[in-house]
Amino acid sequence: MDLVIQLTILVLAAFVGIEVISKIPNTLHTPLMSGTNAIHGIVVLGGLLVIGHAEGVLSKTILVIAIIFGTINVVGGFLVTDRMLGMFKRKPAVAEKAEGGS
Amino acid sequence: MTTLATAFYQERDFINALYLVAIILFIVGLRGLTGPHTAVQGNKIAAVGMLIAVVATLIGEGVIPDGETALLIAVGVIVGTAVGIPSALQVKMTAMPQMVALFNGVGGGAVALIAWAEYRHALHLGVDLEEKVLIPTLFAAIIGSISFWGSNIAFAKLQEILSGKPIKLPGQQLINVLLLLVAVGSAAAIASVDSELLFVLGILVAAGILGNMVVLPIGGADMPVVISLLNAFTGLSAAAAGIALDNNALIVAGIIVGASGTILTNLMAVAMNRSVPSIIAGGFGGGDAAAAGGGDG
């Protein structure tokens with residue numbers, strides 16, 4: 001795709017990212033960090049896209065590790081966020097305490 | 001009939017349409033995460049978006065050219081899931097920040113490794129990568145490597161594998177500047193000279209040491225802010241990888257995390273009555289970072 005179109009998408013998406021989280025309560029800082037952390041696990045797509053044309057054992061090993069890393073990022077990220085929020089939902093007082101201590 | 005159906009599903013437009021659905025779900029999910037009543041739902045919506053993005057990628061034409069690739073992908077996904085699920089479920093609530101640091105670190109590591117593999121591929125083919133691909137690849141390698149090693153140090157400090165107190169070397173500021181110059185200089189050199197050794201040592205290793213050196217001087221109480229900053233870094237590196245690989249989902253999801261992560265880092269610092277520059281520079285300037293941080297924890 002044209003670089004200029006990609007940069008347009010990039011800049012507009014950056015504004016979306018800024019707008020989406022302009023106002024959030026302090027208690028949600030850590031879950032939001034964890035949630036965005038899970039979303040950048042999308043890098044796993046890069047590993048999936050490149051491994052098909054990789055040559056040689058070293059390249060393939062590098063990419064399998066990359067896919068393992070990316071999958072850990074996605075799976076672990078969403079699960080940890082869910083656990084944080086689950087606690088937050090049931091016992092807000094405990095969640096606030098945990099937030100303060102983090 | 002089957003061939004026709006397959007051809008349709010492998011259409012690039014179809015895959016990009018699925019990416020669009022995934023991106024919408026990410027934004028809606030992220031929006032949900034900003035409110036206490038919608039947060040649980042928001043996280044799940046974003047997870048569905050991720051599943052769609054992964055499936056859309058796998059059905060792409062030529063993504064799985066042979067059985068060996070299918071096997072390698074299966075091994076990667078299964079091992080990653082087998083490691084990710086138990087670590088996320090077993091971690092204690094009090095240990096959450098360092099777990100996020102670890103998950104963030106592997107994400108940054110994945111970006112750096114993908115950039116390395118992509119560079120090896122170009123060397124193997126004997127073609128020069130065009131600037132549009134080479135520059136974001138090198139950027140992704142540098143930022144990804146910083147994020148991986150920085151996050152590991154953040155994890156080690158919060159987990160008390162390393163001391164939570166600031167760890168400093170004499171002349172650290174100068175060393176950091178030199179390391180950054182080595183990484184950027186190597187990137188500039190690679191634009192004209194093909195060298196895998198230069199890529200690995202000059203970029204991945206130098207940026208990795210820089211990641212260590214930047215986080216080591218930071219006190220334990222300031223660490224959540226640093227993790228958030230590294231989180232934004234990984235998002236940025238993912239967006240760069242997206243430009244190199246010509247992939248919309250990576251560009252948009254990466255930059256959304258990069259942008260929102262930067263704002264979030266600032267909000268977290270303000271909530272702690274600190275500023276981001278003072279936290280990062282805290283290690284250079286003396287003991288005040290530790291003192292201020294200690295009272296907060």
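Every chain is numbered from 1, with letters handed out A, B, ... down the list of sequences.
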Q: Which pair of heavy atoms, one from A:Ile42 and one from B:Ala53, lies closest together, and at what distance?
A: CD1-CB, 4.2 Å

Q: Check B:Ala259 against A:Ile18 and note the closest heavy-atom contact, atom names and distance.
A: CB-CG1, 3.9 Å

Q: What option among B:Ala241, B:Ala46, B:Gly42 has the most heavy-atom pairs under 4.5 Å with chain A?
A: B:Ala46

Q: Checking heavy atoms, do the side chain of B:Thr94, its backbone, both or neither come under 4.5 Å from chain A?
A: neither

Q: Which residue out of B:Leu267, B:Leu102, B:Val270, B:Thr262 racks up the most heavy-atom pairs below 4.5 Å with chain A?
A: B:Leu267

Q: Are side-chain heavy atoms of B:His121 and A:Val50 found at a separation under 4.5 Å?
A: no

Q: Of the non-hydrogen atoms in A:Val75 and B:Gly84, which two are nearest, and what is the gap between them?
A: CG1-C, 4.4 Å

Q: Is there a donor-acceptor pair closer than 3.5 Å between any side-chain N or O of A:Arg83 and the backbone N or O of B:Val91?
A: yes

Q: So for A:Val74, is it side chain, backbone, both, or neither that comes closer than 4.5 Å to the heavy atoms of chain B?
A: side chain

Q: Shorter than 4.5 Å, heavy atoms on both sides: which option in B:Thr69, B:Val111, B:Ile114 has the most such pairs with chain A?
A: B:Ile114

Q: Please identify, among B:Val63, B:Leu264, B:Val252, the residue contributing the most non-hydrogen atom pairs under 4.5 Å to chain A.
A: B:Leu264

Q: Side chains of A:Phe78 and B:Leu51, heavy atoms from C-beta outward: is any pair under 4.5 Å?
A: no

Q: Go through the atoms of A:Val16 and report whether side chain, backbone, both or neither lie under 4.5 Å from a heavy atom of chain B.
A: side chain

Q: Chain A heavy atoms under 4.5 Å from B:Thr81: which part of the residue, side chain, backbone, both or neither?
A: both

Q: Which bit of B:Leu58 is near chain A, if near means a heavy-atom gap under 4.5 Å: side chain, backbone, both or neither?
A: side chain

Q: Given side chains that start at C-beta, do those of B:Ser260 and A:Thr36 come closer than 4.5 Å, heavy atoms only?
A: yes

Q: Is the closest side-chain heavy-atom distance between B:Val40 and A:Asp82 below 4.5 Å?
A: yes

Q: Is there a side chain to side chain contact (heavy atoms under 4.5 Å, CB included) between B:Val100 and A:Met84 once you walk through the steps?
A: CA-CA 11 Å; B:Val100 174; A:Met84 278 182 202; 3.7 Å; yes

Q: Measuring heavy-atom distances to chain A, does B:Gln41 have an atom under 4.5 Å in its side chain, in its backbone, in both, or in neither?
A: neither

Q: Check each atom of B:Phe233 against the heavy atoms of chain A and say whether the ones under 4.5 Å are side chain, backbone, both or neither.
A: neither

Q: How about A:Asn73 and B:Asn104: do any of their side-chain heavy atoms sit closer than 4.5 Å?
A: no

Q: Do B:Ile243 and A:Leu7 make a side-chain contact, defined as non-hydrogen atoms from C-beta onward lying under 4.5 Å apart?
A: yes

Q: Check each atom of B:Ile23 against the heavy atoms of chain A and say whether the ones under 4.5 Å are side chain, backbone, both or neither.
A: neither

Q: Return the option, out of B:Val77, B:Leu245, B:Val75, with the maximum number of heavy-atom pairs under 4.5 Å with chain A.
A: B:Val77

Q: For the side chain to side chain contact (heavy atoms under 4.5 Å, CB included) test, which of A:Val20, A:Leu32, A:Leu28, A:Ile39 pairs with B:Leu33?
A: A:Leu32

Q: So for B:Glu68, is it side chain, backbone, both, or neither that comes closer than 4.5 Å to the heavy atoms of chain A?
A: side chain

